[in-house]
Amino acid sequence: MANVKATIPKGTRDFNPQQMGQRNFIFDTLKKVFKKYGYQEIQTPAMESLDTLTGKYGDEGDQLMFKVLNNGDYLSKIDANLTTIKSQTLTSKITEKALRYDLTVPFARYVVMHQTEISLPFKRYQIQPVWRADRPQRGRYREFYQCDVDVVGSNSLLNEAEFIAIYDEALSNLGLRNFTIKINNRKILTGIAEILGKPEAIVSLTVALDKLDKIGFEGVQTELLSKGFTPANIQQLKPLILLTGTNTEKLESLKLILATSPTGLQGINEIYTVLNYLASFTLQHATIELDLSLARGLHYYTGCIFEVKTNQATMGSIGGGGRYDNLTGMFGLQGLTGVGISFGADRIYDVLEELNLFTTNSQQITQVLICVLGKDEETYSLSVLNQLRRKNIAAELYPFGTKIKKQMQYANDKHIAYAIIVGSQEMKTGKLTFKNMLTGQQQSLEIAEIEKQLKTT
RNA sequence: GCGGUCGUAGCUCAGUUGGUUAGAGCACUGGUUUGUGGUGCCGGGGGUCGUGGGUUCGAGCCCCAUCGUCCGCCCCA
């Protein structure tokens with residue numbers, strides 16, 4: 001074997017034991033909340049058929065998808081000239097699988113495939129990695145974990161309200177104390193496009209609006225003008241976009257402006273309904289904010305949309321989601337509505353790390369290390385080891401062959417709280433040397449006494 | 001796909017206007033009366049200076065290319 005440089009692909013990461021402890025803290029916290037709200041876990045394959053995924057995320061999404069090269073002699077099946085064929089055409093001939101780009105589309109596929117075995121409304125959660133061939137930078141990776149919670153088969157807006165409650169509870173439990181859940185409704189955006197007399201321009205409108213907090217109203221204005229909107233349109237838009245006040249005040253003003261758009265009014269009503277439901281919930285640390293510039297890129301949303309930002313650190317959104325009325329329609333199952341949210345685990349990790357919110361005790365597992373001074377001592381200690389383990393005490397025996405100094409160092413590096421030292425003296429008397437690695441104190445104790453001490457710590 | 005930044009030991013970096021055998025801290029390793037860690041003391045190993053060209057008597061340092069990193073833009077978790 002040639003000597004290969006040890007590296008991993010761009011935008012991917014290894015996780016060491018300490019990091020895994022911290023990551024599992026996030027996953028466990030989320031799972032606990034998901035289950036509490038009645039959601040069950042599923043998993044889907046890392047790769048899906050290319051057909052399942054393409055066209056669901058727009059052209060950009062298709063480009064950012066990692067495609068899996070066919071196995072076998074795939075070139076033999078191509079009759080085109082390799083020097084002139086277009087990459088896209090070639091790709092479709094040598095690729096039929098791709099790594100999943102998100103968890104929502106595979107979930108829709110799952111629902112359609114297993115429709116006979118699930119009972120509606122179906123509430124599931126899913127925590128798995130997704131892959132995007134994006135350019136890595138702060139808070140952006142090529143392999144990252146999404147934690148999705150979705151319900152299909154229920155059009156009640158109570159679901160939307162519960163998702164806000166889930167966001168609040170989960171993020172609060174993780175230790176975040178100041179975050180904003182932005183809410184908007186796709187129908188309101190449609191209504192706005194309608195009263196501008198440009199219902200067909202909804203996409204370019206939303207894309208431009210989405211950038212409001214980045215490029216400001218001026219920037220949005222420039223972008224809209226370049227997309228065919230008139231200065232008169234901009235004048236109409238301005239008061240809408242720059243609406244201020246409480247959520248209710250914003251909704252009241254909107255009601256007047258969108259009076260002639262039934263769709264727009266419906267969107268307003270939906271938000272009202274969600275907020276009314278929410279009045280019966282007690283939120284811990286979330287701020288709910290109606291944000292008309294919230295658009296979200298994904299094409300399949302049709303009703304309420306959400307996005308979560310922390311106000312304690314500079315980071316893109318740490319979660320998002322919304323209502324999609326016809327996602328399963330693409331797979332032939334019509335009339336099934338769904339709504340769901342997603343947590344970006346890796347971004348949440350980065351935020352918790354930055355804010356120092358991880359507790360330190362997440363990694364020490366082994367409670368006691370048995371250090372032996374000889375081969376006979378090793379044999380003798382095996383029964384001690386097994387006895388401790390039977391009592392559910394996490395114990396390790398350092399195999400004989402290394403100096404005791406090295407063994408102690410191992411215990412120290414691994415943050416093991418106690419060491420048991422077994423030499424000829426200990427074997428003779430049956431009293432083992434029990435050492436507290438933190439204080440350095442040692443006692444001579446029989447196994448039963450050691451067990452008792454370990455049990456109480 | 002576009003713009004900027006950086007690339008010297010396992011890690012974090014120093015390296016003076018280009019000038020001999022490229023340095024530090026940490027980590028690793030050996031010793032310090034061989035039954036004891038975390039704190040002391042002494043010693044040791046380890047670098048084709050990202051890679052490939054070029055300029056020069058001479059390049060870690062200058063020029064070009066290439067790969068990679070990190071940070072912005074687009075888009076997104």
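Note that these values count all heavy atoms, side chains included, but never hydrogens, waters or copies made by symmetry. In what follows, every chain begins at residue 1, and chains take the letters A, B, ... in the order their sequences are listed.
- Using C1' as the reference atom, B:G4 and B:A9 are 29 Å apart when rounded to the nearest Å.
- Residue-level contact check: A:Gln63 touches neither bases nor backbone, having no heavy atom under 4.0 Å from any strand.
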Under 3.5 Å, which N/O atoms of the protein pair with N/O atoms of nucleotides 30-32 of chain B?
unit_1	atom_1	unit_2	atom_2	d
B:G31	OP1	A:Lys403	NZ	2.8
B:U32	O4	A:Lys405	NZ	2.5

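- Residues A:Phe107 and A:Leu327 fail the side-chain proximity criterion, which asks for heavy atoms closer than 4.5 Å.
- Residues passing the side chain to side chain contact (heavy atoms under 4.5 Å, CB included) test with A:Gln442, sequence neighbours excluded: A:Ile421, A:Thr433, A:Lys435.
- The environment of A:Met47 atom CE is sparse: at most 12 non-hydrogen atoms of other residues, nucleotides or ligands sit within 6.0 angstrom.
- Between A:Glu449 and A:Lys452 there is no salt bridge, since no side-chain nitrogen of the basic residue lies less than 4.0 Å from a carboxylate oxygen of the acidic one.
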Step-by-step side-chain contact (heavy atoms from CB on, under 4.5 Å) determination, A:Arg347 to A:Ser317: CA-CA 8 Å; A:Arg347 284 190 176 175; A:Ser317 62; 4.1 Å; yes
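- One P atom belongs to B:G44, the other to B:G35, and the distance between them is 27 Å to the nearest Å.
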Under 3.5 Å, which protein N or O atoms sit close to an N or O of nucleotides 42-44 of chain B? Give each pair with its distance.
none

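- Distance check on atom C1': B:U12 versus B:U48 gives 23 Å, rounded to whole Å.
- Comparing B:U34 with B:C49, their C1' atoms sit 43 Å apart, to the nearest whole Å.
- Looking at A:Glu396 and A:Thr366, their side chains do bring a donor and an acceptor atom within 3.5 Å of each other.
- Contact annotation for A:Ile421: base contact, defined as any heavy-atom pair under 4.0 Å involving a base atom.
- Of the residues near RNA chain B, A:Gln409 and A:Glu60, the one whose nearest nucleotide (by heavy atom distance) lies more toward the 5' end is A:Gln409.
- Screening residues 423-457 of chain A for ring-ring contact (aromatic ring centres under 6.0 Å, His included), with sequence neighbours left out, gives A:Tyr418-A:Phe434.
- A donor N or O paired with an acceptor N or O is found under 3.5 Å between the base of B:G37 and the side-chain atoms of A:Asn412.
- Separating the CG atom of A:Leu294 from the P atom of B:C76 is a distance of 11 Å, rounded to the nearest angstrom.
- Under the rule for a side-chain hydrogen bond (donor to acceptor under 3.5 Å, both in side chains), A:Asp62 has no partner lying at least two apart in sequence or in another chain.
- The separation of B:G43 from B:C26, taken at their P atoms, amounts to 14 Å, rounded to a whole angstrom.
- A heavy atom closer than 4.0 Å to some atom of RNA chain B occurs in A:Glu426, A:Thr433, A:Lys435, A:Met437, A:Leu438, A:Gly440, A:Gln442, these being the qualifying members of residues 426-449 of chain A.
- Between the side chain of A:Arg347 and the base of B:C76 there is at least one donor-acceptor pair of N/O atoms closer than 3.5 Å.
- When the options A:Asp350, A:Asp134, A:Asp346 are evaluated for a side-chain hydrogen bond (donor to acceptor under 3.5 Å, both in side chains) with A:Tyr141, the one that passes is A:Asp350.
- For the pair A:Met315 CE and B:C71 C1', the interatomic distance rounds to 13 Å; values are reported in whole Å.
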Protein and nucleotides 66-68 of chain B: nitrogen or oxygen contacts under 3.5 angstrom:
none

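- Under the ring pair (Phe, Tyr, Trp, His ring centres under 6.0 Å) criterion, A:Tyr145 pairs with A:Phe27, sequence neighbours left out.
- In this structure, the CG atom of A:Asp134 is 12 Å from the P atom of B:C73, given to the nearest Å.
- Here the C1' atom of nucleotide B:C70 and the CZ atom of A:Arg138 are 12 Å apart, to the nearest Å.
- Not one N or O on the side chain of A:Arg13 forms a donor-acceptor pair closer than 3.5 Å with the backbone of A:Ile8.
- Side-chain contact annotation: A:Ser383 with A:Asn386, donor-acceptor N/O pair under 3.5 Å absent.
- Within 3.5 Å, a donor on the side chain of A:Arg140 pairs with an acceptor on the base of B:C75, or the reverse.
- Using a distance-only test at 3.5 Å, with no hydrogens or angles considered, a donor-acceptor pair links the side chain of A:Asn24 to the main chain of A:Met20.
- No donor-acceptor contact under 3.5 angstrom links the side chains of A:Gln137 and A:Arg135, judged on distance only.
- With 3.5 Å as the limit, one finds a donor-acceptor pair spanning the side chains of A:Gln453 and A:Gln443.
- Other residues, nucleotides and ligands contribute only 12 or fewer heavy atoms inside 6.0 Å of the NZ atom of A:Lys32.
- Atom NZ of A:Lys93 has 12 or fewer heavy atoms from other residues, nucleotides or ligands within 6.0 Å.
- Comparing B:U17 with B:C61, their P atoms sit 15 Å apart, to the nearest whole Å.
- Here A:Gly61 lies out of heavy-atom contact (under 4.0 Å) with every strand.
- Across all strands, A:Gln137 comes closer than 4.0 Å to base atoms (heavy-atom distances).
- No engagement by A:Gly316 is indicated, since no non-hydrogen atom pair under 4.0 Å with the nucleic acid exists.
- Using a 4.0 Å cut-off on heavy atoms, none of the residues of residues 166-176 of chain A approach RNA chain B.
- When each of A:Ser424 and A:Ile8 is assigned the nucleotide of RNA chain B with its nearest heavy atom, A:Ser424 is the one assigned upstream, toward the 5' end.
- Residues of residues 373-385 of chain A having a heavy atom closer than 4.0 Å to RNA chain B, listed by number: A:Leu373.
- Counting only N and O atoms by type, the side chains of A:Thr104 and A:Asp150 include no donor and acceptor under 3.5 Å apart.
- Between A:Lys36 and A:Glu169, at least one side-chain nitrogen of the basic residue sits less than 4.0 Å from a carboxylate oxygen of the acidic one, meeting the salt-bridge criterion.
- Nucleotides B:G18 and B:G10 place their C1' atoms 30 Å apart, quoted to the nearest Å.
- Pairing each heavy atom of A:Leu369 with each of A:Tyr398, the nearest pair is CD1-N, 4.1 Å.
- Comparing B:G38 with B:G46, their C1' atoms are spaced 26 Å from each other, to the whole Å.
- Stacking between A:Phe343 and B:A77 is absent: the ring centroid is not both under 5.5 Å from the six-membered base ring centre and under 30° in plane angle.
- With sequence neighbours left out, the salt bridge (charged side-chain N to carboxylate O under 4.0 Å, His left out) criterion links A:Lys405 to no other residue.
- No more than 12 heavy atoms of other residues, nucleotides or ligands sit less than 6.0 Å from atom CD of A:Gln40.
- Within 6.0 Å of the CG atom in A:Asp59, the count of heavy atoms belonging to other residues, nucleotides or ligands does not exceed 12.
- At whole-Å resolution of the value, CD in A:Glu143 and P in B:A77 are 17 Å apart.
- A:Ser342 comes within 4.0 angstrom of nothing in the nucleic acid, heavy atoms only.
- Within 4.0 Å of A:Tyr141, counting heavy atoms only, lies at least one base atom of the nucleic acid.
- Secondary-structure annotation of RNA chain B gives the stems B:1-4 with B:70-73, B:10-13 with B:23-26, B:28-32 with B:40-44, B:50-54 with B:62-66, with a stem taken as at least 3 successive Watson-Crick or G-U pairs whose two distances both fall under 3.5 Å.
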